[in-house]
Protein chains: 2
Amino acid sequence: MSSPSTPTRGRPARLDRARTLETALDLLNQSGLDALTMRRLADAMGVQAGALYRYFATKQDLLTAMAERMLEGVSTSAQAIDGDDWSERLATLARAQRTALLAHRDGARVFAGTHATGPSVLGFADTFVGVLREAGFQDEAAARALYTVVNYTVGHTLEEQAALQAEDGDPEAVSALRDAVTTDTYPHLNATLPTLTSTDFTRLFEFGLDLIIEGLRARHAPSSAK
Amino acid sequence: MSSPSTPTRGRPARLDRARTLETALDLLNQSGLDALTMRRLADAMGVQAGALYRYFATKQDLLTAMAERMLEGVSTSAQAIDGDDWSERLATLARAQRTALLAHRDGARVFAGTHATGPSVLGFADTFVGVLREAGFQDEAAARALYTVVNYTVGHTLEEQAALQAEDGDPEAVSALRDAVTTDTYPHLNATLPTLTSTDFTRLFEFGLDLIIEGLRARHAPSSAK
DNA sequence: ACCTGAACACCGTTCAAGT
DNA sequence: ACCTGAACACCGTTCAAGT
C-alpha cells in the first residue's frame, strides 16, 4: 500500500508507475509491441532494466497496466450522448473501444493479451451492461451481449491492425492472397475479392456491429418504452 | 519447388515439414505457446535448432503452417449438412472453427497471430461466402459477414482459452474481479455477476453467434426461396 | 543434401551490493 | 528507499564447416 511512490525523505525517485507507463505507451507507438522490451523501456527511462521490477512485478503486469490505461475515458464517451436509444449508445461504446485500441500501435494485441480489471475496463463494462438493463433487457442477455460486442470489437481490431502492418513492410502477403484466390478453386472468394481486400475497416466494423445490434433488437421485449 | 523433401540419394533426412509440424502441434498441446521454442522443438525432433530453418524460414512461418493445419477439414464439416438453410450451415461453420481452435492449447492465439492463406483457410472462407451468396445475399454483404463471424469467433475463443488458463494456475485473478465488482461502484456488473463469471462458454458463444445470424436474417432479401 | 557447432545479439528476471 | 552491476537461464537466427 505504501512501498514505492509514497513521499519519502530519500533521493527523489527517477522512476514511478505513471511516468513509466507513459514512456511504455510512447515506446509502443514508436516501435511496436515486439520491440517493447524491459531493457529498452529502462533505457528510455535512463535506468537499468532491473529497476523496473520495483514498480511492475512482471512484464505482463506492465502490459496489463498499459491495457487499462488505453481504455481510460471510453465509458464516459457514451454518457455524453444521453437521450439516445440503447442501440445508439451501445454502438457509441463499441466505437469508442475500437478507437481507443486503434490509438496505440498494436493496441488490440496488448489488450487481447492481458486481463485488465481496472476502473477503465470495469467502468466501460458497467456502463455497457447498464445501457441494456435500463432498456429492459434481462440480466443474462445484457451480460452476454457485453461479451459478444467486446469479443467482436477486439477480434476485428486485432485483424485491422495486423492488416495495417502487413500493408507496409510486407506487401507480398496481400498479393499472395490475390494470386491464390484468382483461380477456379475458390469461386466465391474470387467473386467477392474487391470487398474481401477492401481497406475500409470502419465500414467493415460498422457492418458487424450493426448485425449484432440488429440481433439484439430482435430479442428486445420493451417493458418501458422510454 | 524441390529443395528439401524431394527424394534424393543422400542420407534419409531426419526432418521434414510434415513431421516437424506434427511435433510442433504436440508440443503446443503439452506445454503451450510460450514454451514452444525453436530449440525445444528441435530437441523433440532430435536435432539442433538451426536445422529447422531448412524447412521453415522463420518461427512465424512455422506458426502460420500450424494455424493452417489446425483448420484442416473445417470446411467439409458444413458440406456434410446439406439441405439445411443458410443460417444453420453458417452456424455449423462457425462452430467448426471454434472447435478446431479449441482442439489445440492456445489455438486461438496461434491463429490470431498469423495470416494463414492455405487451402484450409481459403476453403473455409470460400464455403462460408458461398453459403451466403447462394442464399441470395449480395456479394458485399456475404464477404463482410465472413469477417464478422470469423472475427467474433476468434475474439471469443481467444477469451475462452485465456479464461481456461486463468482458472487453473492463477485463481486469484478470478476472485480479484469478484472483489472489485462487489461494491456499489459497478451496480450493473454486480447484478449480472453470475452470468459474467459463468464458464459455460459454449452457451456464450451461441448467444453471440445467434445475434449475428439474426442480424443477417434481418437484411436477407430472399430472391429464390430455396 | 542435410545437419552440427558455435556464435551473435538479444531476452525476462533476480539479487547482492552500493549510495 | 532506490538503483546498479552482474549474473542466470534462456531466446531466434545465421553460417562456416563437417559428413
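All chains are named by letter (A, B, ...) in the order of the sequence lines, taking the proteins before the strands, and each is independently numbered beginning at 1. A quick note: this is a predicted structure, and the numbers were derived from the prediction, not measured.
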J.: Return the nearest nucleotide to the side chain of A:R40; candidates are D:dC11, C:dC3, C:dC11.
T.: C:dC11

J.: Is the shortest side-chain N to carboxylate O distance from B:D16 to B:R19 below 4.0 Å?
T.: yes

J.: Using side chain to side chain contact (heavy atoms under 4.5 Å, CB included), reason through A:R98 and A:T202 one step at a time and then give a plain yes or no.
T.: CA-CA 10 Å; A:R98 169 169 173 260; A:T202 298; 3.2 Å; yes

J.: Of the options A:L41, A:L33, A:T37, which is the one that meets A:L27 in a side chain to side chain contact (heavy atoms under 4.5 Å, CB included)?
T.: A:L41

J.: Using a cut-off of strictly less than 4.0 Å, decide whether A:Y55 has a side-chain nitrogen or oxygen near OP1 or OP2 of D:dC3.
T.: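 For D:dC3, OP1/OP2 do have a side-chain N/O of A:Y55 under 4.0 Å.
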
J.: Between the main-chain N or O of B:R144 and the side-chain N or O of B:T148, is there a donor-acceptor pair closer than 3.5 Å?
T.: yes

J.: Quick check for you: to the nearest 0.5 Å, what is the distance between A:D126 atom CG and A:R133 atom CZ?
T.: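 Going from CG on A:D126 over to CZ on A:R133, the span is 9.0 Å.
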
J.: Quick one: pull up CD in B:Q97 and OG1 in B:T157 and give me the separation to the nearest 0.5 Å.
T.: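 That separation rounds to 7.0 Å.
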
J.: How far does the C1' atom of D:dC10 sit from the matching atom of C:dA9, given to the nearest Å?
T.: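 So the two C1' atoms sit 13 Å from each other.
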
J.: Show me the dot-bracket string of DNA chain C, counting Watson-Crick or G-U pairs under 3.5 Å, with | for pairs to another strand and [ ] for crossing ones.
T.: ||.|||||...|||||.||

J.: Counting only non-hydrogen atoms, which of residues 107-117 of chain B are less than 4.0 Å from DNA chain D?
T.: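 By residue number: none to list.
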
J.: Kindly determine whether A:F205 and A:Y152 satisfy ring pair (Phe, Tyr, Trp, His ring centres under 6.0 Å), including the steps that lead there.
T.: CA-CA 9 Å; A:F205 178 70; A:Y152 166 68; 5.6 Å; yes

J.: Check the distance between C:dC2's P and B:M45's CE and give it to me in whole angstrom.
T.: 14 Å

J.: Starting at the 5' end of DNA chain C, which residue's closest nucleotide do you reach first, A:G50 or B:A49?
T.: B:A49

J.: Describe, in one word, how the ring planes of B:F201 and B:H156 are oriented to each other, choosing from parallel (under 30°), tilted (30 to 60°) and perpendicular (over 60°).
T.: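 Ring orientation, 0 to 90° scale: perpendicular.
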
J.: Separation of A:M38 atom CE from D:dT4 atom P, in whole Å?
T.: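 Taking CE of A:M38 and P of D:dT4, I get 14 Å after rounding.
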
J.: Can you check the A:R54 CZ to C:dT13 C1' distance for me, whole Å?
T.: 14 Å

J.: Among the nucleotides C:dT4, C:dG12, D:dC2, which one has an atom lying closest to any side-chain atom of A:T37?
T.: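 The nucleotide sitting nearest to the side chain is C:dG12.
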
J.: To the nearest angstrom, how far is B:R39 atom CZ from C:dA6 atom C1'?
T.: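 Between C1' of C:dA6 and CZ of B:R39: 11 Å.
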
J.: Could you tell me how far apart A:L52 (CG) and C:dC11 (P) are, to the nearest whole angstrom?
T.: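 Result: 13 Å.
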
J.: How many Å lie between CD on B:Q48 and C1' on D:dC11, as a whole number?
T.: 15 Å

J.: Does a salt bridge link A:D106 with A:R109, judged by any charged N lying under 4.0 Å from a carboxylate O?
T.: yes

J.: Counting side-chain heavy atoms from C-beta on, which of D:dT4, C:dT13, C:dC2 comes nearest to A:A51?
T.: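 Ranking D:dT4, C:dT13, C:dC2 by closest atom to the A:A51 side chain puts D:dT4 first.
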
J.: Figure out the CG/C1' separation between B:L62 and D:dC11, and round it to whole Å.
T.: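 Taking CG of B:L62 and C1' of D:dC11, I get 15 Å after rounding.
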
J.: From CG of A:D34 over to P of D:dG12, roughly how many Å is that when rounded to an integer?
T.: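 Whole-Å distance recorded here is 13 Å.
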
